[in-house]
Every structure is written in C-alpha cells, then in structure tokens.
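Scope of the values below: all heavy atoms of this structure, side chains included, with no hydrogens, waters or symmetry mates. So that the names make sense, note that chain A is the first sequence line, chain B the second, and so on, each numbered from 1.
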Amino acid sequence: MSENTVIKARSPFAEAFGMFRRNHAAMAGLFMLFLIGGIAIFGPMIYPGNPFDMVWVPFTPPGQEGYLLGTDYLGRDLLSMLIHGARVTLTVGLAAAFVTVTIGITVGALAGFYRGWVEEILMRLTEFFQVLPTLLFSMVIVALFGASLLMITIAIGLVSWPAVARITRAEFLRIRELEYVKAARAGGVRDNRLIFGVILPNALPPIIVQAALMVGSAILFEAGLSFLGLTDPNVASWGQIIGSNRQYILDASYTVTVPGIAIFITVLAVSLVGDGLNDALNPKLRER
Amino acid sequence: MNILKVLAQRLSYALALLIAVLVLNFTMINLAPGDVVDTIAADMGGASAELMEQIRTEYGLDKPIIVQLGNYVWRVLQFDLGHSYFYNRPVTEMIFERLPATLLLVFSAQIFALILGILLGVFAAIRPNGILSHIVTLFALFGYAAPVFWTGILLLIAFSLNIPLFPVAGMRDVTIDGGFFPQALSVAHHLVLPMLSLGSIFIALYSRLCRASMLEVLGSDYIRTAKAKGLSPRDVTLKHGLKNALPPVVTLAGLQFSAVISGAVLVESVFSWPGLGQLALTSILARDTPTILGILFFSALVVIIGNLLTDLALRLIDPRIRKST
Amino acid sequence: MPLLSVEDLRVELATRGGMVPVVDALSLHVEPGETLSIVGESGSGKSMTALAIMGLLPRIGHIAKGRILFEGQDLTQMEDSALRDIRGNQIGMIFQEPMTSLNPVYTVGEQIAEVLRRHQGLSQTDAWSRAIELLDAVHIPNSRRRAATYPHEMSGGQRQRVMIAMALACQPKILIADEPTTALDVTVQAEIFDLMRELSREMQTATILITHDMGVVAEMADRIVVMLKGEKVDGGRVHDLLQNPQHSYTKSLIASVPHLTSETLDTTARTDEHDTPLLRVRDLTVQFPVKKGFGKREMFTAVNGISFDIAKGKTLALVGESGSGKTTAALAVARLVDAQSGEITLDGTDVLALEGEALRRARAKVQVIFQDPYSSLNPRLRAGAIVSEPLDNLGTYPVTDRPARAAELFEQVGLTPDQMNLFPHQFSGGQRQRIGIARALATNPSLIICDEAVSALDVIIQAQILDLLKDLQRDLDLTYLFISHDLGVVQQMCDDVAVMYMGDIVERGTRNAVFADPKQDYTRRLLAAVPSIERAQHKLGLDQPI
C-alpha cells in the first residue's frame, strides 16, 4: 500500500453491507425473498381468479387438467390459493414482526437506559410475558377477541416481544457504560438523543438480526394458528390450507406437503438473510 | 443453607408470577365481549332476563370488580378453576386428567433435544470446518424453518402410513392390558413420532447455540491454559470446554419451555395426543372460557417449574451463580 | 548445550491477505537456570514466539521455518502426544490475564492437582495434598481452605499465584511468563516478581520473561532479546545492553522507563498558592448501591470524603491502584457519576447544585479524555462529527463557524482536516486518542480530566501523546485533573500529586515533596514497587548512571 493513497471513508454499515454481499447463502436467501415478495404482489394479477372458487374435481393430482399443483378437497385450485396465501402470510409476518420489534425496543431501551425502578418494573413485566406459553396465549386472545387478521397480528406481536426487549436491554446496559456515551453526555447531549441518536444505532446490529428471525417466527406462528383453524375463514393462508386438508393426507398428501414447502422455503430464506446479517454486523466475527 | 434461602426466594417469586397470570386471566374475561352468563344462556339456547340476572348473582358477578378478582384468585389458590359448561365438569378435574400426557411429551422432547443438540454441537465445534459441522448448520436452518405441524405430518406419512412402524394416533393401545411394563412400552411406542417432531425444532436451536458457545469457549484463555498443562485433547474439550459452554445452552432451554408447550399444542393436534393442547383447542372452538383460562394457568405453572429446574441446573454447573445470590 | 535454542524461526499467520509473517529469522537460546527476557511492544511477535515454543499457536498460525530444540530434541518435529508430555511438565507457562486464564468452573485446588495427576501419576488424594503444599509455596494463606475455592473468589494477584503454582507444579526446567503482571497493580507486580525469583532459584528453573517494560527487564533478567515487528533487533547481557544499546529502538525503550528518584526536579516558583483555586473539592463522598441478594441493597463507598484543589493552568494527578476510587472521584467532578455529599466548586460555581438544563449547559466547562481509544469514540460517527458533537450541543459557536472550528481542533492535535471524513476504525490507537483530545478541547473547557488517557498506548506513542498534552497546556493555559496508576507518567505530567488508597487521599503535596520524600507508608511502597533501571543498576554493582 502506498502512503499517498487517499483513504476513503467507510462507515461500519457500508463495511457490513460489503460483507453481506459476499455471503452467497445470504444473497440466495435475499433473492428467494424478493421472488416470494414478487409473487405475493404481482402473482394475483398474472394468475387471476378467486382462490375460493371450486374449479374442478377434488383431489386432482398436480399437473393434471392444467392445474399445476392440483386441487384440494373441495376442488379448489391449490396454486391460486398458494399465490393468494403468500400475501396473507407475508403481510402478517412483517406486520407482527414490526409490532414485536416496536414494543421490544421501547421496553428494552427504557429499562436499559434509565435503570432503577423503571428497569425493575419493565423486566418483571417481560419475565411475566415469557412465562405465558406463546401459542396458547395468542389462541386465547384470538378466541376471546375474534379471529381477524388484525387481531392475529396483534396477538403474535404481544406474545413475541420479550426476546427483543431482553436483547435491547442487554445492549443498552453494555453500551451505556462505554466511554463514548460518557463523552457524549459530557458533551451536553440530551437524554432523548442519547437514547435514540447515540446508543440505539450502536445497539441495532443484534436487534436487526433478531427482527429478521422474528419475521420467520411470526410466519410460523400464523401458520400454526391457522393450522388449528384459528384464523379468518375468509382468507386463504398457507397454514390454513394445510389445516383444512389434513384429514385427507391418505388420499392426497400433496395438499399438505406443498403449502408446507412454501412456508419452509420462506422461513428458510428469512433465516438465511438473518444469518448473513448476523455475520456481517457482528464485529467480533469480522475480526477473525 | 444458602440453597434453601434461594429456593424460598424463587418460590415466592413464582407465586407472584402465578397471581399475575390470574389477574391477566381475569382482565381478559372482563375485557372480552359478553360474559359467562351470556355463554351459558347461549348454550341453553337462550334464557330470560330474570334467569340470567339470577345466575349473575349466583356467580357473584353483581359484586364490585375488585371483589370478583379477589374471589377468583382465592378460588384458584384452592385449586378451584371453575366449572366447564361445555363439558359440564370441574375444570381442575379435566386438566389433571390431561396434564400427565402433556408433561410427558414436553419434558421428553425437551430432554431429547438437549442431549442430541449438545452432542451435535460439541462434535461440530471440534472441527468447525468439518462435514458434521456443516450438517449441523444446515440441520439447524432446516429444523427452524419447518413448521412443527408440517414436520409431524411428514413423519406421520412416512413412518405410520407408508412404512407402518409407529401408530398413527393416540397415546396407548387400549387393547393391551397387563402390568406396568407393557403399558409403558406401548406409551413409548406412541411417543416416538410426536417427540421427534416436537424435538426437531429444539435440536436445531440447541445444537446451533452449543456449537457457537463451544467455539467461543475453545478460543478462551483458560483453554489455552489447559493445553499448556499438557492435557489430552479429550480432557481439554470435554472437561474444560463443555462445562463452560453449557450455561448458555441450558439458559436457552429454560427460556424455550413456553415455546415447547406451544409446539406441543400443534403436535398433539397432529397425533391426537390426549393432552392439554387438544383440550385447549376444543374448548376454544366451543368458547369454553373457564377451561381455556384454566389451561393457560396450568401451562404457565409448567413453564415456571421448568424455569426453576433450569435455575437449579445452572447453579450446579456454574459456581459463579451459586455464590452471587 | 543450551537448555532451549530457537534457530531461524519463522511463524506465519493466515489472514485474508495471505500468509503474514509475525516472527521471522529469530534465533535465541536459554541456559539452565537463567532468565531471558524478550522485550517488545504489542505486535512485535514476542507472544507468538512463546506460543510457538509451547506448540500452542492459534489455529490460523504455523511454523514456516526453523527449529526449536529443547534438550536436543526438535519440538517442531515432535508427535503431539510426546509434546503434551513436555508441556506443563518440563516447560510451564503463565499468561497475561489472570482473570481469564483459570477455568471458572473448577476449584483452584483441582486445577493444580490435575497437572500432578497427569504428569506425575499421583492419586486423587496425593495430588490434592501436593496442591495445598504448592499453594503454600506461592504464599497463599489458608491454603487448605483456599484450595477448595473458585477463581472468581480470588483477587488478580492471588490468581496469578495460582497460575504460578500450576506452571511450577512439576518443577519444570523452563517457565515461560508472558506479560505476567501487566494486568496487575504495581505493588502486586512487585510481589509476583519476588515470588517468581524465589521459586525459580529454589527449583533451578530457567525463565523466559516476555514484557514490554524495560524497567521490569532491568530488575529481572540476565539476558535480553529486543524484538520489533517480528524480528530480533538487539540482544545481549542486561548490563551491557542497558549501558550500550545498539539499536535506536532499544534506546527509546530504555528512555521510556521513568526515573523516579534520581533527577533533581525543577522547582518552579508557585505563585498562586493563596489565590482561589480553579477547582475546589471538599469532603467528596461517592457511594454505589450493591445488590445483595433479592431486593436487598447495600452501599459501597468508592470515594470517602476527599478534598483537593487545583490552581488554574496547573495539573493535579490523582494516583492510585485499581479500586482506589480515583476515576470515580474524577467522574463525580464531571457530574458523570452522582456524589452523595461534599462540595465541588469550579470557577465559583457550585457544581453539585446544578440540575437539568443548567447542568447540561455547565458541562461545557469540564471535559474528559478517556482511557480506551477503542471505546471512547462512537463507531457510527465520522471523526469530524465526533469532535463537533460538543460544539453542536454546548458551544457558543454559530453553526457556520463549527466546521472551521473542528478543522482548527484537528490541526491543534496533530491531525489533518481531511481526516475529519473518516470513521474511528480507520485510525490507529494514537490517532484515536488525538481525536478524543480534540473533542475535549472543543468547548474551551476550564478543566480537562484525563482519565488514564495514555494507559492503553504503547510506550512510544504514550510519550508522543504526553508531549501533545503538555504543549496544549502551555499554549492554551489548560488545567488538568490527571488520573493515572502509572507513577512514571504522573511524574512527567503533574505539578501536584494526591495519592488515593481505598477511597481516601492518603498523601497530598507537590510533585517534589511526594516523589522525593514520601511521608506515608503506602506512598513509599508504591514508589518502591515501580521497576526502575537505577535500582537494577545498583544491584548489578554498576556505579555510573545511564
């Protein structure tokens, strides 16, 4: 390296992005996500039709009579249901992860920054929510307050946030003791900017990774609820397709395996992206 | 001694958590549209306003809300979770009938996943670039991404329907009579597939964390010290490495109890395993509120007990925790 | 035949940029019973050399060339199992970090006994009683009871004693000590060195002592090898080298060792003794709540009613070992830690009475330079933004003048304004510390607190930063509260000294008074513990000072 070369400024996020781009598995995951997202957005336009229409004889195997994935127990086009289900699954997954992360960051940041009784109360609350079995609790919420997609999203968010809150708090506890935070305080930075401008950006890497995982777990969660039949009966989600067809696995196992594969691939893609983010954002790994 | 004091503290904290669960239960009943009496009335196919008023008084629903809460907590602490109008039986009785099946499934899946997860994690960490390490990474990804009920159905199709090695549903063969041993064997035979499908997610989680934890520990200063003493690779890895790598895995396992119970609800549904999850589902579909809330209460109790066990296990492994409290 | 000889050793590390040599063309030898010291700063390859001898190179490292002969056998060619029989038996090693080098989940007795079972085939009970004898030998009181305790229940010094007991358990022919006292307080360091000398004489063990401190070398070693960037640049017997260093690097290493008692200190007339001091601290007490079990809290007193003054344009050093409360006291002055009681007056302002917005505004008058060049700068901000952060929040500078002010600050601390665009991780440790200094200067503070500001730097960089601080003080008439554990640094920097011990100031006075004629026992012990070339010279019977 010559001495005269002008060193270019590279932000930590730019370096992380560079790392991410070199990670083949993560890029493959990202590509799959774009593909699934594309299907969810544009699929219904390219492959129109109401997924609830009974189009042909029940249990038509995949590929026959022009039905690429066959028909289900009511003779509905499975491909059409999958394409429309992608919208539901992705929307609920993203929205629930958003609710989770918002609650989690708020609780974790307040607890980690202010310490004292604020922390005591918020962490007891977090522990309380961790004691409730997540799926059972959300089943109860959905049962008592109605099985709309909005309620399902809220229920998933309400039971999943403790993990995010714990990670956020741990990061805040660690970072608030670092010297640059003390320096910022000595430099007259106000509390709210200290939380959101100084500590939070540095605490983000593990939270981002957790948020990515949360999208995956919210998708699994929604699938579980709709598999049990606790969902809006007027929308076709992937879990619901499996749930409604499961009695007929002897006659037509593809009605269960195929939507399962869709869920599996989506969550897999999200996890790959999450892992890639983890490798790229974790400075400890970067040094190795 | 010290440990008794700690135990007393933990138990009183657990009790406080349980009462909090009850308060939450109570709040949800009151927030939900319609009350118990509406449900009863609906079940009876409609009732006169007078009769409904009479039932309200009978259940104390005319009293101030805080008195109702007090009554509710007091009843539950006496193990009275109310009466199921749907099944027309005491809720506690039904739960105690179902609880053993769920406990068996939850704890066997948890232990199975821990043992296998740790084994895989350790072997993967010894050769971080070896073939097993890659398999563990891949399996961890797959195990996490597959919906547990789908895994269950696939196992069911493969090993009960196509190759009939295991039974399709239930917990024991009712045609078998005889002593404890054949009965237990039958239960174990029925348990295999549900345990495998429930365990698979958690094997994925634990093996992945164990691998990462082992890798970190194997790079630490005291491992270098152990090598500098001239110890064999086996002693370095197992004696000095594993015991230090375990606490994060055990902690995670403790945090996963509520997730294991959630997974059990789905697995029970797939394999018709006669546990709490099955009961929960039917009572939710029947809007049988006392039963649902009773199940929520008991499953919270299981999670709390699981957490207590985790705490004790951590104390056994790590002397730093033992001394700090 | 030497006990150990390293011939033409080359160690390489595999990095993303390919194979990088970290040790090259290194030859050295160790005679039975002698102490050889390998000296160099971080990255010089001295630790890699030690690990190569032990066969403990990290996964990414390997020996590319050369031989390591121990009693005539080449260790580099040996089977792993044969090498394990030598490790911990014939060659023992102790490491820099006593806090992390012992296994936290086993008792110290078990960790010592394990070596004896492994190499001497002792039974469980024999090994345990021998372990207790070894704890006695390293002067751990109550050895029988202490053997059953865990590392976290011991202090750093005691843990290092356990490490020594473990390394010497089988009476090895060589003990390799890699910066064994760098993580310890100076008085503990002196005790550990006494112990090492005593035991190696008793057991006739040769020692390879790896260190960055020429003072330590002068007191401990028979012969020296000086390493720089992986290569040997100088070497020889201690007194030859100290008197007649060949390489310029060796000279600068020797020059960096403090001369605590020798030179006549300047006696600048002190004019402002009776003026009102800039900073006046009276009866300052700081306590922290310590969690004791469930819900119970106890107060731990970190600073116990201390008082001191600093005159404008002067430097007061708060000196003490870890846990003495010096940093807590300084952070209380900066209102970064809450004080329980006392008075702090800065420039006529009652500092402890400030609250809310008034406190925030007043922060402009006290700024801090922190210890760790890696955690004191926000990694997400550009260097320019870091320096202008106080300007944006506190300064009286109009928005349009701030970039120019930041650029001016960069030049003042010896950086160039075009570096303002870069992120912290793109700077070296010394440069980062300069950014931290620029940030502290931004608001033209009345008082600057230097909290161990040079402790994390290599000696030569350390000298440069100290020079910068002195120049800035002269040019800008700055007042420093200088926190340090390093008496050599303190002696170069300060006008007055206050020595802290367990929350109290035990001795206070001018630099001359404290260094030349300490009144308190603790101060004397502290001064005596600092490794010094003069004392070593004296011991070696050399008259002429260097």
Could you tell me the separation between the CD atom of A/Glu127 and the CD1 atom of B/Ile304, rounded to the nearest 0.5 Å? 10.5 Å
Quick one: CG on A/Leu132 to CG on B/Leu296, what's the gap to the nearest 0.5 Å? 5.5 Å
At a heavy-atom distance under 4.5 Å, which candidate from B/Val270, B/Ile284, B/Leu154, B/Asn307 has the highest pair count against chain A? B/Ile284
Comparing B/Ile157, B/Leu281, B/Ile261 against chain A, the one with the most heavy-atom pairs below 4.5 Å turns out to be B/Leu281
Region of [X] that comes under 4.5 Å of a non-hydrogen atom in chain A:
X: B/Leu301; answer: neither
X: B/Leu293; answer: side chain
X: B/Leu18; answer: neither

Of all the heavy-atom pairs spanning [X] and [Y], show the shortest one and how long it is.
X: B/Ser299; Y: A/Leu136; answer: OG-CD1, 3.2 Å
X: B/Ser269; Y: A/Phe227; answer: OG-CE2, 4.0 Å
X: B/Trp150; Y: A/Thr257; answer: NE1-O, 3.3 Å
X: B/Leu141; Y: A/Ser271; answer: CD2-CB, 3.7 Å
X: B/Tyr144; Y: A/Ser217; answer: OH-CB, 3.4 Å
X: B/Leu17; Y: A/Phe128; answer: CD2-CA, 3.8 Å

Relative to chain B, which of [options] shows the most heavy atom pairs under 4.5 Å?
options: A/Val270, A/Leu268, A/Val142; result: A/Leu268
options: A/Val159, A/Ile261, A/Leu272; result: A/Ile261
options: A/Val131, A/Thr266, A/Ile242; result: A/Val131

Could you go through the side chain to side chain contact (heavy atoms under 4.5 Å, CB included) check for A/Gln130 and B/Phe257 one step at a time? CA-CA 9 Å; A/Gln130 277 187 315; B/Phe257 262 103; over 6 Å; no
Please tell me if the side chains of A/Asp275 and B/Arg208 come closer than 4.5 Å, counting only heavy atoms from C-beta onward. yes
Does any heavy atom of chain B fall under 4.5 Å from the side chain of A/Ile219, the backbone, both, or neither of them? neither
Over 12 non-hydrogen atoms of neighbours within 6.0 angstrom of CZ in B/Arg127: no
